[in-house]
Amino acid sequence: SAAKVFGVDRPSRRIRGFFVEATNLVPHAWHQVSPLVNQPLDNNRYVLWLHTLLAEQEPVLQRALTQTVAHCVSSPAAQFWTSRFFASHLHAVIAVVSSPGTGKALADTVMRVASPLLLQCHFNTSLQGLERVILFLETWVKQSSLTTASARPWVECAEALLMMQLRGQIQGTAAQAPFTLTPAACVVAFLLGSEGLKIDTAYSADTKERLVSWLRNGLCGRVQGHEDIVSRGYVASEALECLVQGQPGEWWSTPASALRTLVCQVLLPGWLLNEADSALVAHRNSAVLRLLPSAAVAWAKCASHLAETDQMSHVIEPLERLSHDWAAAWDEQSNHARDTPLRKYFASLVFLLVGTVVRNTDLSTLGCAGILSSVRALAYVDMFREDTLEYRAVCRCVVERGAALSGFIEEFLQLLGDFHSKQQQQQQQLGNLSCVHFLLGLAANPQIIGSESFLTSVWPIILGCIRSGGTQGPNSVERAAVAARAHALTAVCLAQLGTQHCAEMLQEYMKASIAAFQASPSDDVCRALQFSTSALARDVAMLRDKQGNDGDARALQRWLLQTIGASILDSLDQQCFEAAEGLFQVLSAAAEQIDLCFLPEPFYSESRLQAILEAHPPAREMWLRCVVARFPERSRELLIRSMIDAFPDIAAAASPDAAVTGQSMVTASMPPRSAL
C-alpha cells in the first residue's frame with residue numbers, strides 16, 4: 001500500500017496522516033528483542049522496503065524507521081550478507097549507516113549495525129560474500145557521501161575485531177590467522193582510502209597504524225585462493241597511499257604483485273574469451289570486475305616507484321603478456337564471435353586497461369626496455385582501439401620518451417621489422433596486421449624519421465605493406481588499411497627528408513603503389529596515395545626551381561606525370577574505371593605542384609591528360625572541379641581556357657557548389673602531421 005501511495009504522487013493529508021501514524025507503531029512491534037526482529041532478514045524485507053520508500057519523503061519518520069531497520073539487521077538471525085534479497089536490502093541498510101546528523105544516538109545506531117555486519121563478513125570468505133561486500137561499499141559511495149561521523153563506528157568496530165583476533169577471543173579458522181585479508185579487511189581498506197575522509201583527525205594515530213598493519217601483513221602473507229586474490233587486489237587498489245607511507249621503495253613490489261595477480265588472473269585473464277556467453281555475462285555484471293579502473297591506476301602508480309627490474313617483472317612485462325594473450329585469443333575467435341557486443345565489451349576493457357596503465361605511469365621512470373614493452377602492449381591491443389585524442393597523445397608521449405633514450409630507435413625499428421615479417425608469413429592474423437598498422441603510425445616521429453637507419457629499415461616495410469594491400473585474400477580490408485597507413489607515413493617522411501638523391505627509391509614506390517591500387521582500389525588508399533604524391537610532387541617542384549630544367553628533379557617530375565598518366569589509360573583500356581578514377585585523383589594531386597611555365601604544355605603531353613579526358617568523359621568534370629578548387633588563380637585561368645577550347649560543352653558542368661567542394665578538398669589534400 002505504501003508503494004502505491006508514495007511511489008507515484010504526493011498523498012493527500014488524510015492518507016498521509018494514516019501512514020505516518022501506522023509507521024510510528026512499527027518500532028513498537030519490531031523492538032530489539034521481538035520475535036519479529038529475531039528472524040532472517042528476508043522475512044523482514046518489507047520493513048526495509050518501507051524505509052526505502054518513506055525515509056526521504058517523510059523526514060519525521062526517518063528516526064523510527066532507522067531504528068527498526070537497525071534492529072532487524074543487527075539480529076543474530078538476520079544474515080544480511082547471505083540473504084536472498086540482498087540487493088533489495090542494500091539501500092535501506094546503507095541509508096541507516098550513512099544517516100545524516102551527529103550525536104550519540106546516531107553513533108549507537110550505526111555501531112549496532114556495523115558490529116554484526118563486520119563480524120559476519122569477516123567469517124564469510126566465499127567469493128559471493130566478498131562480491132557483496134564490494135557491492136555494498138560501491139553503493140555506499142554512490143548513494144551518500146562518506147562522513148567522519150558515519151565512518152567512526154566502522155573503524156572502531158574494525159579495531160575491536162582485530163584486537164579480538166590477536167587475543168584469540170574469536171573461535172574458528174580466522175582466529176589462527178589474525179592478519180588474513182577477509183572481506184572485513186576490504187571494508188577497512190575502503191575507509192582508509194576514501195577521499196575526503198579525515199581519518200588522521202578523527203581517530204588516534206595508533207588506531208590507524210593498527211589497521212594499516214593488518215592490511216600490510218595480510219598483503220605479505222601467502223595467497224590462499226581465488227577469494228584471497230580479490231581481497232588483496234581490492235586492498236592494494238583502495239588503500240595504496242596509506243599502505244606505502246613510511247615504507248622503503250622496494251615495498252611497492254608487494255601491492256604491485258597483488259594488483260598484477262588480480263588483473264591478470266581474475267579481472268581480464270587471457271583465456272576469458274574461451275568461456276561461454278553465460279559465464280561472460282556473469283563476469284560482466286560482477287562487482288569485482290568494476291575494480292578494474294582503480295586497480296589499473298594503482299598498478300601504474302606502483303610502476304612509477306619501483307626499480308627498473310621490479311617494474312618489468314611486476315607491471316610492464318605482465319601487461320605486455322596480457323595484451324599478447326588477448327590479441328592471440330581474438331585471432332582465434334570466429335568472425336561471428338568478434339562481432340558480438342559481449343566480446344567486444346571485454347576487448348574494450350583490455351584496451352582501457354593498457355591505455356590507463358601506460359597513461360598513469362611516470363614514463364620518465366621507465367628505461368628503454370620498459371618503453372619498448374609498453375609499445376608492444378599498446379600494439380597488441382590496437383585492434384580493440386577506441387580512437388580518442390587522449391589516446392593519440394599517450395602514444396606520442398611514449399615514443400617521444402623512448403626516442404630520447406639510447407638504443408630505443410634501433411630497437412623500435414627492429415620491432416617493426418619483426419612484426420612485418422610475421423605479417424608476411426601469417427596474412428590471416430589480424431593481430432599482426434594491427435600491430436604493423438599501429439607501429440607505422442608511431443614511426444611518424446621526427447626523431448625516428450631522422451635516424452640514420454630509418455630509410456634502410458622502414459622503406460622495404462612500406463613497399464611490402466603497399467604490395468600486400470593490393471593482393472586479394474583474407475583480411476583484405478585490414479591489409480588495405482595498413483597500406484593506407486604506409487602511404488601516410490611516406491607523406492610524413494617526404495615532408496621531413498625531401499626527395500633529393502632518392503629518385504630510384506621513389507620510382508619504385510610509385511610503381512608499387514600504382515600496381516597495388518590497380519589490383520585492389522580503395523577509397524582510403526586513394527586518399528593516402530594522394531597525400532604522399534602531393535608531398536612528393538611538392539618537394540620535386542621546389543628542387544626543380546633550384547636546379548633548373550636540366551636537373552634530376554625535372555626528370556623525376558616528368559617521369560612521375562608520365563607514369564601516372566600511362567597507368568590511368570591502362571586501367572581505362574581494361575575497363576577498370578574505379579582504379580582509373582582513383583589514379584586520376586592522384587594525378588590531380590601531382591598537377592597542383594606544377595609550375596605555371598609548364599601549363600598547359602608540356603604538362604598535357606607528359607601526363608597524357610588530353611587522351612585521358614577524351615577516353616573517359618566523367619574525368620572532365622573531375623578535372624574541372626579540381627582546377628577550380630585547388631589551383632592558383634593564373635594556373636586556373638590557363639587550364640580552364642584549355643578545357644573549354646578542347647571540350648566546349650564542359651562549361652555546363654561547372655557546379656554551383658564547386659566552392660564548397662573545393663574547400664573540403666583543400667583541407668583533405670593537406671599532408672598529415674602524424675600517421676597516427
Side-chain angles (χ1 to χ4, degrees), residues 355 358 363 371-372 374-383 385 387-405 408-420 423 433-466 468-469 478-499 502 505-506 509 512-513 524-539 589 667-676:
V358 174
L363 297 178
I371 294 292
L372 278 169
S374 300
V375 169
R376 284 192 290 268
L378 290 167
Y380 287 130
V381 300
D382 194 62
M383 66 171 69
R385 178 175 184 166
D387 205 3
T388 63
L389 292 177
E390 182 182 15
Y391 175 71
R392 296 185 185 192
V394 168
C395 295
R396 284 196 290 267
C397 287
V398 171
V399 175
E400 289 170 2
R401 164 59 183 167
L405 299 174
F408 171 82
I409 294 178
E410 290 73 17
E411 292 291 338
F412 175 84
L413 296 177
Q414 180 62 44
L415 177 65
L416 176 57
D418 292 342
F419 276 116
H420 179 251
Q423 173 199 340
L433 287 169
S434 176
C435 289
V436 173
H437 183 271
F438 175 75
L439 293 175
L440 286 173
L442 290 187
N445 173 273
Q447 286 76 26
I448 294 178
I449 294 175
S451 64
E452 294 181 0
S453 57
F454 177 79
L455 285 179
T456 56
S457 300
V458 175
W459 200 255
I461 296 174
I462 289 176
L463 296 178
C465 293
I466 291 171
S468 176
E478 289 77 12
R479 283 186 282 109
V482 173
R485 179 60 60 87
H487 287 302
L489 177 58
T490 302
V492 178
C493 295
L494 294 175
Q496 179 174 338
L497 301 178
T499 59
C502 300
M505 185 176 67
L506 294 172
Y509 165 75
S513 301
D524 291 338
V525 173
C526 180
R527 282 190 292 269
L529 183 55
Q530 288 181 69
F531 292 148
S532 61
T533 303
S534 178
L536 169 59
R538 184 183 302 109
D539 192 76
T667 304
S669 66
M670 295 174 61
R673 295 181 60 188
S674 169
L676 276 175

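In plain terms, the two heavy atoms of Val375 and Phe438 that are nearest each other are O-CE2, 3.9 Å. When all heavy atoms of Ala528 and Ala488 are compared, the closest pair comes out as CB-N, 4.4 Å. The nearest pair of heavy atoms linking Ala483 to Val525 is CB-CG2, 4.4 Å. Taking each heavy atom of Ala403 and Asn445 in turn, the nearest pair found is CB-OD1, 4.2 Å. Here the closest heavy-atom approach between residue Ser457 and residue Ser453 is recorded as OG-O, 2.8 Å. Of all heavy-atom pairs between Val492 and Ala444, the closest is CG1-CB, 4.2 Å.
To the nearest 0.5 Å, the span separating CG on Leu463 from OG on Ser468 amounts to 12.5 Å. Atom CD1 of residue Ile466 and atom CG of residue Leu529 lie 8.0 Å apart, to the nearest 0.5 angstrom. Note: Ser532 OG to Ile462 CD1 = 9.5 Å, rounded to the nearest 0.5 Å. With rounding to the nearest 0.5 Å, the separation of OG in Ser434 from CZ in Arg385 is 9.0 Å. Expressed to the nearest 0.5 Å, how far CD1 of Ile371 lies from CD of Glu400 amounts to 11.0 Å. Between atom NE2 of residue His420 and atom CG of residue Leu433 there is a gap of 10.0 Å, rounded to the nearest 0.5 Å.
Counting heavy atoms from C-beta outward, Leu494 and Phe531 have side chains that stay 4.5 Å or more apart. Using a 4.5 Å heavy-atom cutoff, the side chains of Leu455 and Leu497 are in contact. Between Phe412 and Leu439, the closest side-chain pair of non-hydrogen atoms falls below 4.5 Å. Between Cys493 and Leu489, some side-chain heavy-atom pair lies under the 4.5 Å cut-off. Within the 4.5 Å cutoff, side-chain heavy atoms of Arg376 are placed close to those of Leu372. Ile448 is listed as a side-chain neighbour of Leu413, based on a closest heavy-atom distance under 4.5 Å. At least one side-chain heavy atom of Leu442 sits under 4.5 Å from a side-chain heavy atom of Cys395.
Although no hydrogens or angles enter the test, the distance criterion places a donor-acceptor pair under 3.5 Å between the side chain of Asp539 and the main chain of Thr499. Between the side chain of Arg401 and the backbone N or O of Leu363 there is at least one donor-acceptor pair closer than 3.5 Å. Judged purely by atom type and a 3.5 angstrom limit, Ser534 has no side-chain atom pairing as donor or acceptor with the backbone of Gln530.
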Test Asp382 against Tyr391 for side chain to side chain contact (heavy atoms under 4.5 Å, CB included), laying out the working first.
CA-CA 11 Å; Asp382 194 62; Tyr391 175 71; 3.4 Å; yes
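The aromatic rings of Tyr509 and Trp459 are tilted relative to each other, their planes meeting at an angle between 30° and 60°. Taking the six-membered ring for Trp and thresholds of 30 and 60 degrees, Tyr380 and Phe419 have ring planes more than 60 degrees apart, a perpendicular arrangement.
Across Cys526, Ser513, Cys465, a single residue satisfies side chain to side chain contact (heavy atoms under 4.5 Å, CB included) together with His487, and that is Ser513.
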